[in-house]
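See below for the structure under consideration.
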Protein chains: 2
Amino acid sequence: MANGFPNKLMITLNDKIYTCPVDVTLGLIGGKWKLLILFHLHYFTRKSYSDLKANLPRVSEKMLSQQLKELERDKLILKNQLSVKPYRVEYSLTERGKSLGPLYEFISKWGIDYLMENNIDYIKDQHLYK
Amino acid sequence: MANGFPNKLMITLNDKIYTCPVDVTLGLIGGKWKLLILFHLHYFTRKSYSDLKANLPRVSEKMLSQQLKELERDKLILKNQLSVKPYRVEYSLTERGKSLGPLYEFISKWGIDYLMENNIDYIKDQHLYK
DNA sequence: TGTAAGGCCTACTTTTTAGTTAGCTATTGA
DNA sequence: TCAATAGCTAACTAAAAAGTAGGCCTTACA
């Protein structure tokens, strides 16, 4: 091919077909809620189900538990059962989840800069958030 | 609040409501195709419509032109009209689009590492790709 | 002359994603 | 004893995203 790009190089993994590594990564962290959940766990280290629920106000419980399950399945987060009798759990990042740390930071920072360009001073407006 | 997290801090921008900067960034580059398109323009510097079409084989033309329009609207890419008579165009990253450079690199690298962990040697398999 | 390539757009259908409501088990606190 | 909190799940519906098919104009090429 004239542009040095192969026409049809596909990657098959877990019954899904990807065209390139970017695609692969997006397969794990794409979607509307995953990066948000991961960022919160990155920022707060560990959180209970209801903490996440409170901190991600627009996420329905259905979406939350669904995404948590997928993230756990893909080994990006860990679910730790704290107690059985009163059933209490705690979510945290696995090593794989932590390896995306620079990504969370970059995306958050870029968002703040973008807001700044649009004359919204997030730092000023955020009170206790960060 | 006990966790030092504000209950309902929302950011309003362009008639959309966001909960945090991560959310803001995802509003611009989220979705199934945008990062893929951006990465290709980052990697190849500039590309015509049909080059993109050929390099992103699973993207339908509908999606491609729709996403290109949104990316242009959000000033992440630039559409340059090369000629009028034979209508020819070229897409490239704007400064804002380029400012996401580290993100493209990170996501691509992370995908390659992830494949490696799954015993797929992308470097070996990719021939001319990179 | 007619076919392909470049650069799209529109209408319609399907799939995916997400929202809503309700319900379940168990424990703590008033 | 009763409500509230934690941690979910399931069923059903609605909305958003994506796929499919076709069409349109112009120019280059055989």
Side-chain angles (χ1 to χ4, degrees), chain A residues 1-3 7 15-19 23 26-37 40-41 44 46-73 77-92, chain B residues 1-3 5 7 15-19 23 26-37 40-41 44 46-74 77-92:
Chain A
M1 302 99 241
N3 56 17
N7 249 352
D15 301 321
K16 285 189 178 174
I17 296 171
Y18 303 97
T19 52
D23 209 8
L26 293 179
L28 293 172
I29 60 167
K32 212 166 167 176
W33 304 114
K34 286 184 180 170
L35 267 169
L36 242 18
I37 294 171
H40 278 255
L41 290 177
F44 289 114
R46 66 192 74 253
K47 276 296 169 190
S48 69
Y49 178 85
S50 57
D51 280 339
L52 287 170
K53 188 170 104 186
N55 288 331
L56 303 168
R58 294 181 328 179
V59 189
S60 68
E61 290 197 57
K62 173 198 170 172
M63 277 298 111
L64 182 57
S65 65
Q66 189 177 295
Q67 305 294 296
L68 285 171
K69 254 180 212 154
E70 291 182 17
L71 288 169
E72 203 193 344
R73 179 200 64 197
I77 67 171
L78 196 77
K79 180 181 181 170
N80 189 17
Q81 190 172 324
L82 297 177
S83 65
V84 188
K85 302 91 169 293
Y87 182 53
R88 292 294 177 274
V89 297
E90 181 179 84
Y91 291 94
S92 58
Chain B
M1 302 99 243
N3 56 17
F5 213 93
N7 249 352
D15 300 321
K16 285 189 180 175
I17 294 171
Y18 303 97
T19 53
D23 209 8
L26 293 179
L28 294 172
I29 60 168
K32 212 166 167 175
W33 305 115
K34 284 183 182 172
L35 267 170
L36 242 17
I37 293 171
H40 278 256
L41 291 177
F44 289 114
R46 66 191 75 252
K47 277 292 169 191
S48 69
Y49 178 85
S50 57
D51 281 338
L52 288 171
K53 186 170 106 186
N55 289 331
L56 304 168
R58 294 179 330 177
V59 189
S60 68
E61 289 197 57
K62 174 201 168 168
M63 277 299 110
L64 182 57
S65 64
Q66 190 178 294
Q67 305 293 297
L68 285 171
K69 253 181 211 153
E70 291 181 19
L71 288 169
E72 203 194 345
R73 178 201 64 196
D74 295 334
I77 67 171
L78 196 78
K79 179 179 180 172
N80 188 17
Q81 190 171 326
L82 297 177
S83 65
V84 188
K85 302 87 171 296
Y87 181 52
R88 292 294 177 271
V89 296
E90 182 180 83
Y91 291 94
S92 58

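Proteins come first, then strands; the chains are lettered A, B, ... in the order of their sequence lines, and each starts at number 1. The analysis underlying the following values was restricted to heavy atoms, covering all of them including side chains, and did not include hydrogens, waters or symmetry mates.
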Checklist entry - Which whole-number value in Å describes the distance from B:Lys79 NZ to C:dC8 C1'? => result 8 Å
Next on the checklist: Just the rounded figure in Å: distance from P of C:dA18 to CG of B:Asp23.
Outcome noted: 12 Å
Checklist entry - Which whole-number value in Å describes the distance from B:Lys62 NZ to C:dC9 P? => result 12 Å
Next on the checklist: Taking any heavy-atom pair under 4.0 Å as a contact, classify B:Lys53: base, sugar-phosphate, or nothing.
Outcome noted: nothing
Checklist entry - Taking only side-chain nitrogens and oxygens of A:Tyr87, does any of them come within less than 4.0 Å of OP1 or OP2 of C:dT25? => result no
Next on the checklist: Classify B:Glu61 by what it touches in the nucleic acid, base, sugar-phosphate, or nothing, heavy-atom distance under 4.0 Å.
Outcome noted: base
Next on the checklist: Side-chain N or O of B:Tyr49 versus OP1/OP2 of C:dC9: is the shortest distance under 4.0 Å?
Outcome noted: no
Item to check | Minimum-distance pair of heavy atoms, taken over all atoms of A:Arg58 and B:Tyr18 | outcome: NH1-CA, 4.4 Å
Item to check | Closest to the B:Arg88 side chain, choosing from C:dG6, D:dG7, C:dA18 | outcome: C:dG6
Item to check | Nearest-Å distance for atom pair CD/C1', residues B:Gln81 and C:dG6 | outcome: 13 Å
Next on the checklist: At less than 4.0 Å, is any side-chain N or O atom of B:Ser60 found next to OP1 or OP2 of D:dT20? Yes or no.
Outcome noted: no
Item to check | Residue A:Lys85, side-chain atoms from C-beta onward, closest of C:dG7, C:dG19, C:dT27 | outcome: C:dT27
Next on the checklist: Without decimals, in angstroms, what is the distance between B:Leu56 CG and D:dG19 P?
Outcome noted: 12 Å
Item to check | Protein-nucleotide distance (B:Leu82, atom CG; C:dG6, atom C1'), rounded to Å | outcome: 12 Å
Next on the checklist: Reading DNA chain D from 5' onward, which residue's closest nucleotide shows up sooner: B:Val84 or A:Val89?
Outcome noted: A:Val89
Next on the checklist: By nearest heavy atom, map B:Lys32 and B:Leu68 onto DNA chain C; which one lands nearer the 5' end?
Outcome noted: B:Leu68
Checklist entry - Which one, C:dT28, C:dG7, D:dG7, comes nearest to the side chain of B:Ser50? => result C:dG7
Checklist entry - What's the shortest heavy-atom distance between B:Ile29 and B:Lys34, and which atoms? => result O-CB, 3.8 Å
Checklist entry - Rounding to a whole Å, what distance do you find between A:Leu64:CG and D:dT9:C1'? => result 13 Å
Checklist entry - For B:Phe44 and B:Asn55, which heavy atoms make the closest approach, and how far apart are they? => result CE1-ND2, 4.1 Å
Checklist entry - How close or far is atom P of D:dA21 from atom CE of B:Met63, stated in whole angstroms? => result 15 Å
Checklist entry - Any salt bridge between B:Glu90 and B:Lys79, counting N to O under 4.0 Å? => result no
Next on the checklist: Please determine whether a side-chain nitrogen or oxygen atom of B:Ser48 lies at a distance below 4.0 Å from atom OP1 or OP2 of C:dG7.
Outcome noted: yes
Next on the checklist: Measuring to OP1 and OP2 of C:dG7, would you say a side-chain N or O of B:Ser65 lies under 4.0 angstrom away?
Outcome noted: no
Item to check | Minimum heavy-atom distance between B:Asp23 and B:Ile17, given as atom pair plus value | outcome: OD2-O, 4.4 Å
